[in-house]
There are 2 protein chains.
Amino acid sequence: MPYDPSAFPPFAVTVDLVVLTVRRHALCALVVRRGESPYQGRWALPGGFVRIEEDLGAAAARELTEETGLHVQGPDDRHTGAHLEQLATYGDPGRDPRMRVVSVAHLVLAPDLPTPTAGGDADSVRWAPVDSLLPPGQPCGDGPDRSGGQPDPLAFDHSRILADGVERARSKIEYSSLATAFCPPEFTVGELRRVYEAVWGVALDPRNFHRKVTGTPGFLVPTGGTTTRQGGRPAQLFRAGGATVLNPPMLRPDV
Amino acid sequence: MPYDPSAFPPFAVTVDLVVLTVRRHALCALVVRRGESPYQGRWALPGGFVRIEEDLGAAAARELTEETGLHVQGPDDRHTGAHLEQLATYGDPGRDPRMRVVSVAHLVLAPDLPTPTAGGDADSVRWAPVDSLLPPGQPCGDGPDRSGGQPDPLAFDHSRILADGVERARSKIEYSSLATAFCPPEFTVGELRRVYEAVWGVALDPRNFHRKVTGTPGFLVPTGGTTTRQGGRPAQLFRAGGATVLNPPMLRPDV
DNA sequence: GATCATAGTCGTCTGCCTGACGATAAACAG
DNA sequence: CTGTTTATCGTCAGGCAGACGACTATGATC
């Protein structure tokens, strides 16, 4: 087919954000309430149009800051912000009833924050446990059809996008040190373990987990300090080390 | 920001294809020669515009068939075609000098074929060893800058896309049965091992490999036949089993 | 036909890692 | 002081991977 730049079909390109955090032992996602039709009043993932001279990742970072006040972690500074990566692109015709919209979804992993307090708009944004947004136990990934069940709590195809983002997070903390993105700059082994337990929805043996993470070179570096903020015996504080991949990986029970 | 459908910035949306196969012990990618400016005469990944009422995956499958004659494997029929999955989306402003193009790259893993024989156009399409297309040893993925070195052999940002696709294939055959997508419908353990060796660029121990793949339930199912097409002692023929994930994974040496 | 080269297949052994779980340490609450 | 909570160290058995040895069955070569 000839490549005719003057005759390309017009698309709208947006970014949608799956922003995950761990709050009170539960994996939570950031959702915003839609003020306009379609899906008015329904919850949706934050997102917006990509500007005409803006890179996709920059658009995602901008929307994240606009809607949550979160900042993305730069390549050098460690743990002053959130982790952002591209997730997947959703372009089914008819996913937006108004026009042809291709949405480049991004995944953000953030430490627990006081409260989103959106850009001016207050109670139209909140952290929602992913269990309350997704039918539990549904892998949802590439399956042919997952309809049937209670009605979709999220607008558009955002349940599908959220499910894909959650699955990416669940698998990625297996073989990378990304779980530290859910933690504050300094954290204990127990806090990191509770991140794994919340994301995977399982209980892990504290002793084996401690052996694994402290025995993996470059995963954790002790800061020297201790804390008792979790109660019990004082625990060592760590920062995330330079390692990005976990080899061998952290093993998720069953599966 | 208000969501104004009438004022969205116009984008062109394309699909680009990273089509990989294994030929003569080498991982090869499908490239086409560009007939028009820009990058006229340079090699590029196959691809084209998404039609206005077409899903992204359907566009990728259509371009694949148009440019190579390959067909995508349906969810039910096993190994009558190639594996296709979405890879990532590239939307840097200026990646196409003519206009703002967002390209949704897809990854295709195909068995070795007689010869592409493009849509009418003969020698403008070929299999090229990825070692000849990419600076060897460059991970290339999300690194800040990989310029410096010999000039880029591929048009646009296609070297980056190809590198990302190759890295995806390399990591995915670790923990999935996707390496069988490089094999004909019936294949031997040795042929499968040569796939791993070509994709990873390493030598694997035939005995340990045999133990691993035949010992993983659901990975391979014997067809009862044997073949001597590789020389030596006759080898059992297998088909791909129903398993899609390898747990525990196939371990890549060093890394 | 004997010999060689090539591939395939089955075992063995050792070391590492994980899961299961006992035991101890150091804080706080009553 | 006692019980509770959390952290941390140790031990032990089983599974799996890497390193190889050994044997089998074909085709090629002399």
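Here is how names work: the chains are called A, B, and so on, in the same order as the sequence lines, proteins then strands, and each is numbered from 1.
- Each of A:L192, A:L204, A:V189, A:D205 was compared with A:H210 under the side-chain contact (heavy atoms from CB on, under 4.5 Å) criterion, and only A:V189 meets it.
- Within residues 191-201 of chain A, the residues approached by DNA chain D to less than 4.0 Å at the level of any non-hydrogen atom are A:R193, A:R194, in residue-number order.
- Enclosure of atom CZ in A:R229 by more than 12 non-hydrogen atoms of other residues, nucleotides or ligands within 6.0 angstrom is indicated.
- Panel note: side chain B:S124, backbone B:R33; no donor-acceptor pair is recorded below 3.5 Å.
- Residues passing the ring pair (Phe, Tyr, Trp, His ring centres under 6.0 Å) test with B:Y196 are B:W200, B:F209, sequence neighbours excluded.
- Position along DNA chain C of the nearest nucleotide to A:P234 versus B:G231 favours B:G231 as the more 5'-ward residue.
- Figure legend: A:R126 and A:W43 shown as a cation-pi pair, the cationic atom lying under 6.0 angstrom from the six-membered ring centre and within 45 degrees of its axis.
- Taking a 4.0 Å limit (strictly below) on heavy-atom distances, residues 202-225 of chain A reaches DNA chain C at A:D205, A:R207, A:N208, A:R211, A:K212.
- With a cutoff of under 4.0 Å to any heavy atom of chain B, the contacted region of DNA chain D is bounded 5' to 3' by D:dA17 to D:dT26.
- The nearest whole Å value for the distance from the CZ atom in A:R229 to the P atom in C:dC28 is 15 Å.
- Using a 4.5 Å cut-off on side-chain heavy atoms (C-beta onward), A:E63 and A:P46 make no contact.
- Between A:K212 and A:P249, the shortest heavy-atom distance links the atoms NZ-O, 3.5 Å.
- In terms of the side chain to side chain donor-acceptor pair (under 3.5 Å) criterion, residue partners of B:H158 (sequence neighbours excluded) are, by chain and number, B:D16.
- Rounding to the nearest 0.5 Å places OG1 of B:T180 at 10.5 Å from CD1 of B:I173.
- Residues satisfying the side chain to side chain donor-acceptor pair (under 3.5 Å) criterion with A:E85, sequence neighbours excluded, are A:H83, A:R168, A:K172.
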